[in-house]
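The structure under discussion appears below in the form of structure tokens.
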Amino acid sequence: MNMNVYQSKSSAFVKIATLSVVALLILVMIGLIAIDTDFGIFGRVILPMLFVGIMTYFYSNSLDEIILEEDGIVLKKNIGQIKIPKSDILEVHELAYSNLTLTYGSKGVFGFIGNTMDDSVSLVKDRKQMLRITTKEKKYILSSENSVELVKKMKTFYNI
């Protein structure tokens with residue numbers, strides 16, 4: 001089997017949410033630095049570092065591509081990856097559009113990244129192209145450019 005790569009592209013909502021939040025955070029940080037009021041170390045150092053840390057976390061965990069390999073699936077994030085062995089995969093299926101109720105995570109900034117109410121790991125960037133991979137240990141909700149084709153290919157490759 002050849003290696004197959006499927007891109008995870010951001011929907012218009014995710015792009016707008018990300019740009020809006022980044023712009024707002026930049027304005028808040030500039031405002032905190034520019035205002036002559038004394039916020040001390042909290043307003044000038046700690047808060048901006050907290051903003052940058054949170055944004056870096058969500059950017060790094062944003063799904064870049066899904067790679068189908070002979071021995072399993074690789075979920076390549078912007079920084080790092082998750083490997084799902086072929087032997088752990090129990091089920092793969094498409095999901096309909098959903099608002100994704102996250103217990104914690106990003107509700108649109110760099111995607112819908114976090115954990116859902118049913119304890120799935122969410123790495124979704126387009127809620128119209130979602131799929132779920134159920135493994136022995138976890139459930140993953142992902143999005144891909146063509147989730148229908150990806151699900152069919154996974155079922156064929158891994159005999160699910």
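Keep in mind the model is a prediction, meaning the values are calculated, not measured.
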Working to the nearest 0.5 Å, report the span between CG of L123 and CG of L142. 6.0 Å

side-chain hydrogen bond (donor to acceptor under 3.5 Å, both in side chains) partners of D88, counting only residues at least two apart: none

Value for CD1 (I67) from CG (N4), rounded to nearest 0.5 Å, stands at 10.5 Å

Pairs involving residues 15-30, ordered by first then second residue, that meet salt bridge (charged side-chain N to carboxylate O under 4.0 Å, His left out) (sequence neighbours left out): none

Can you tell me how far the OG1 atom of T103 sits from the CG atom of D119, to the nearest 0.5 Å? 7.0 Å

Look at the side-chain heavy atoms of Ile, Leu, Val, Met, Phe, Trp and Tyr, link any pair under 4.5 Å apart, and say whether Y57 and F51 land in one connected group. yes

So, using side chain to side chain contact (heavy atoms under 4.5 Å, CB included) as the criterion, who are the partners of I54 when residues are at least two apart? L50, F58

Considering non-hydrogen atoms only, spot the tightest contact between M130 and A96 and give its length. CE-O, 3.2 Å

Closest heavy-atom contact between A17 and G108? CB-O, 3.7 Å

Can you find a pair of side-chain heavy atoms, one from N115 and one from V121, that are under 4.5 Å apart? yes

Reported OH-to-CD1 distance for the pair Y140 and I84, which is rounded to 0.5 angstrom: 5.0 Å

Got a sec, which residues hit salt bridge (charged side-chain N to carboxylate O under 4.0 Å, His left out) with K139, two or more places apart in sequence or on another chain? D118

Non-hydrogen side-chain atoms of K138 and I82 separated by less than 4.5 Å: no

What pairs with K76 under salt bridge (charged side-chain N to carboxylate O under 4.0 Å, His left out), at least two apart in sequence or on another chain? D64

Would you please name every residue forming a side chain to side chain contact (heavy atoms under 4.5 Å, CB included) with L19, sequence neighbours left out? none

Residues at least two apart in sequence or cross-chain that pass ring-ring contact (aromatic ring centres under 6.0 Å, His included) with Y59, listed by chain then number, are F110

K125 NZ to T18 OG1 distance, which is reported to the nearest 0.5 Å: 9.0 Å

If you take all heavy atoms of S62 and I113, which pair is closest and at what distance? CA-CD1, 3.7 Å

Please check this pair: side chain of S106 against backbone of G111, looking for a donor-acceptor N/O pair closer than 3.5 Å. yes

Exercise: identify the closest heavy-atom pair between L63 and S143: CD2-O, 4.0 Å

Side chain to side chain contact (heavy atoms under 4.5 Å, CB included) partners of K9, counting only residues at least two apart: Q7, E145

For K107, side chain to side chain contact (heavy atoms under 4.5 Å, CB included) partners two or more places apart: L102, F112

Report whether V28 and I26 are members of the same hydrophobic cluster (ILVMFWY, side-chain heavy atoms less than 4.5 Å apart, transitive linking). yes

Give the C-alpha distance, both sets of side-chain angles, the deciding distance and a yes or no for side chain to side chain contact (heavy atoms under 4.5 Å, CB included) between L150 and V92. CA-CA 10 Å; L150 177 57; V92 176; over 6 Å; no

Contacts of D126 meeting salt bridge (charged side-chain N to carboxylate O under 4.0 Å, His left out) (sequence neighbours excluded), chain-then-number -> none

ring-ring contact (aromatic ring centres under 6.0 Å, His included): pairs with one or both residues in residues 75-104, sequence neighbours excluded: none

Excluding sequence neighbours, so at least two apart, what forms side-chain hydrogen bond (donor to acceptor under 3.5 Å, both in side chains) with S147? Q129

Do R127 and L95 come close enough that some side-chain heavy atom pair is under 4.5 Å? no

Distance (rounded to the nearest 0.5 Å) between I89 CD1 and K136 NZ: 10.5 Å

Without swapping roles, check the side chain of S10 against the backbone of V14 for a donor-acceptor pair under 3.5 Å. no

Do Y6 and E149 touch side chain to side chain, with heavy atoms closer than 4.5 Å? yes

Given V21 and M55, is the side chain to side chain contact (heavy atoms under 4.5 Å, CB included) satisfied, shown in steps? CA-CA 9 Å; V21 169; M55 295 306 286; 4.2 Å; yes

